[in-house]
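Only this structure's heavy atoms are used, side chains among them; waters, hydrogens and symmetry mates stay out.
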Amino acid sequence: MTVRVVVHERPHLDELVAAWLIQKFGNEKFSDIEKAEIVVGTADDKCKEAILLGIGGGPFDEHPRPRQEERKEGECCATLVAKHLGLDEDPALEKILKAVLQNDLHGGGEFLSLAKVVKLLNRDLKKVVDWVFTALDAVYQEQWSFWTATKRQFEEVAEVKDIRGPHGAAKLVVVITDDEQISKYARYNGAAIVLQRTSDGTTQIFSNQKFNIKLFDIAQMLRLKEQEKKGQFKTTDWKELSAEGTVEGAEEWYFHHEIMALFNGSLSHPDVSPSRLSLPEIEEIIRIG
């Protein structure tokens with residue numbers, strides 16, 4: 001069945017997220033929803049059979065009402081719907097709900113944030129609903145994969161090893177997988193450095209900025225060792241070997257200074273030749289560096 005969901009004129013992001021939650025997860029609570037028809041309206045008698053979001057003083061309206069209770073503190077329409085649906089503890093929704101609540105309570109946000117773009121599009125309700133729902137589906141799928149498939153992959157194949165960092169003991173995670181979120185999951189679980197090799201033989205080294213680990217020495221040694229494997233040296237100056245980007249003779253390795261990461265190929269540059277170095281060789285360089 002199609003459920004009528006009523007929002008106010010030019011709805012905000014939190015009401016649109018609430019509507020998305022109802023359509024995606026609301027079957028049990030709202031009688032087998034197949035689709036949520038989102039319309040602009042008011043809390044009058046004609047809307048009694050509809051779900052009111054952000055209006056009407058009902059369970060999904062956090063705003064204060066005349067001669068009634070004050071604003072529901074620490075809540076927005078989306079968080080109220082999430083709690084009603086029993087989704088407020090779902091880790092795949094945690095970041096979505098936190099970001100929406102933060103925006104609703106404090107406004108602001110980045111120039112190209114979802115909430116900012118909603119304000120530009122919400123004169124056309126159908127357009128903004130289609131666009132926001134598509135975006136939320138993508139974000140939720142990423143988060144769901146992170147907490148299920150990536151978590152499982154990490155537990156099955158990741159090797160967690162002790163290394164010595166600039167401030168004492170630290171963790172190095174070595175993993176062979178194509179999972180695009182594994183390095184993020186490893187850092188979430190306390191890894192200071194992640195060494196990942198994919199099935200095509202390319203390799204990435206990620207640092208956890210919480211540990212303030214710099215990869216300059218590692219980049220220098222990697223690039224020298226890569227050239228040694230080729231049997232010729234084109235860049236040997238120590239300063240040049242730690243330059244951002246690529247260097248002549250060791251084009252396999254791209255050094256990103258801002259995020260302190262070394263890429264031997266990446267999602268945006270899949271045509272890079274795999275490193276000639278084995279994982280144990282790279283691991284040893286990381287330990288020394």
Side-chain angles (χ1 to χ4, degrees), residues 91-92 94-99 102-103 106 108-114 138-139 142-143 145-147 149-151 153-155 157-198 202-226 238-247 250 252-269 272 275 277 279 281-289:
E94 180 182 358
K95 285 190 174 181
I96 295 174
L97 294 174
K98 183 178 179 180
Q102 174 73 15
N103 177 264
H106 305 292
E110 298 296 327
F111 177 68
L112 289 177
S113 69
L114 203 59
V139 174
E142 179 198 48
Q143 289 294 297
S145 295
F146 182 84
W147 291 108
T150 300
K151 178 177 182 289
Q153 183 81 174
F154 179 84
E155 292 170 348
V157 303
E159 296 181 61
V160 182
K161 306 183 179 187
D162 293 323
I163 59 172
R164 188 161 190 81
H167 306 294
K171 297 292 183 183
L172 165 68
V173 168
V174 181
V175 62
I176 301 174
T177 178
D178 291 335
D179 192 302
E180 297 172 9
Q181 297 196 86
I182 198 82
S183 66
K184 186 187 300 183
Y185 189 86
R187 284 173 284 164
Y188 172 83
N189 281 275
I193 295 183
V194 182
L195 171 58
Q196 178 179 0
R197 177 157 285 179
T198 54
T202 56
T203 307
Q204 296 81 41
I205 301 171
F206 303 91
S207 69
N208 188 335
Q209 296 190 10
K210 292 180 181 178
F211 291 83
N212 195 31
I213 291 178
K214 306 301 181 185
L215 303 184
F216 295 108
D217 289 350
I218 293 171
Q220 292 160 340
M221 287 185 282
L222 275 177
R223 286 164 164 174
L224 273 180
K225 192 69 174 177
E226 198 73 57
W238 204 238
K239 186 174 182 181
E240 287 183 31
L241 285 167
S242 62
E244 184 157 26
T246 59
V247 300
E252 294 84 355
W253 290 98
Y254 183 97
F255 189 12
H256 196 308
H257 282 186
E258 185 175 355
I259 63 173
M260 277 292 127
L262 284 150
F263 299 106
N264 164 226
S266 64
L267 293 174
S268 56
H269 293 85
V272 176
S275 170
L277 304 179
L279 277 182
E281 287 175 313
I282 297 174
E283 180 183 333
E284 182 62 20
I285 288 173
I286 290 172
R287 287 182 179 278
I288 295 169

Take a 6.0 Å sphere around CD of E94 and say whether it holds more than 12 heavy atoms from other residues, nucleotides or ligands. no
Residues in side-chain hydrogen bond (donor to acceptor under 3.5 Å, both in side chains) with [X], at least two apart?
X: S207; result: none
X: E226; result: W253, S275
X: D178; result: S199
X: E281; result: K229, S278

For the [atom1] atom of [X] and the [atom2] atom of [Y], what is their distance to the nearest 0.5 Å?
X: I182; Y: Q153; atom1: CD1; atom2: CD; value: 5.5 Å
X: L195; Y: L172; atom1: CG; atom2: CG; value: 6.5 Å
X: E284; Y: L279; atom1: CD; atom2: CG; value: 13.0 Å
X: K214; Y: S242; atom1: NZ; atom2: OG; value: 13.0 Å
X: I193; Y: I213; atom1: CD1; atom2: CD1; value: 4.5 Å
X: I282; Y: K225; atom1: CD1; atom2: NZ; value: 11.5 Å

Not counting sequence neighbours, which residues clear ring pair (Phe, Tyr, Trp, His ring centres under 6.0 Å) with F255? List them please.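 F216, H257.
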Could you list the residues that satisfy ring pair (Phe, Tyr, Trp, His ring centres under 6.0 Å) with W238, not counting sequence neighbours? none
Contacts of type side chain to side chain contact (heavy atoms under 4.5 Å, CB included), residue [X], not counting sequence neighbours:
X: A99; result: none
X: E180; result: L267
X: A186; result: F154, V173, A191, V194
X: N189; result: Y185

Quick one: salt bridge (charged side-chain N to carboxylate O under 4.0 Å, His left out) partners of K161, sequence neighbours excluded?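 Salt bridge (charged side-chain N to carboxylate O under 4.0 Å, His left out) check on K161 returns E159, E283.
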Quick one: list whatever passes salt bridge (charged side-chain N to carboxylate O under 4.0 Å, His left out) with E155, sequence neighbours left out. K151
Does the [X] side chain pair with the main chain of [Y], one donor and one acceptor, at a distance under 3.5 Å?
X: R187; Y: K210; result: no
X: N264; Y: E252; result: yes
X: Q196; Y: D179; result: yes

Is any side-chain heavy atom of I163 less than 4.5 Å from a side-chain heavy atom of K171?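 They are not in contact (no side-chain heavy atoms under 4.5 Å apart), so the answer is no.
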Side-chain touch L215/L222, heavy atoms, less than 4.5 angstrom: no
Which heavy-atom pair separates Q181 from S145 by the least distance, and what is that distance?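 Shortest heavy-atom contact: NE2-CB, 4.0 Å.
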Heavy atoms only: give me the nearest R223-E240 pair and the separation to one decimal. NH1-O, 4.2 Å
Steps toward side-chain contact (heavy atoms from CB on, under 4.5 Å) verdict (T198, T177): CA-CA 5 Å; T198 54; T177 178; over 6 Å; no
Please determine whether side-chain contact (heavy atoms from CB on, under 4.5 Å) holds for the pair Q204 and L262, giving the CA-CA distance in whole Å, both sets of side-chain angles, and the decisive distance to 0.1 Å. CA-CA 6 Å; Q204 296 81 41; L262 284 150; over 6 Å; no
Which word best sums up how the rings of F263 and F206 line up, parallel for under 30°, tilted for 30 to 60°, or perpendicular for over 60°?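 It falls in the perpendicular class, over 60°.
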Step by step, would you call L241 with L224 a side-chain contact (heavy atoms from CB on, under 4.5 Å)? CA-CA 8 Å; L241 285 167; L224 273 180; 3.5 Å; yes
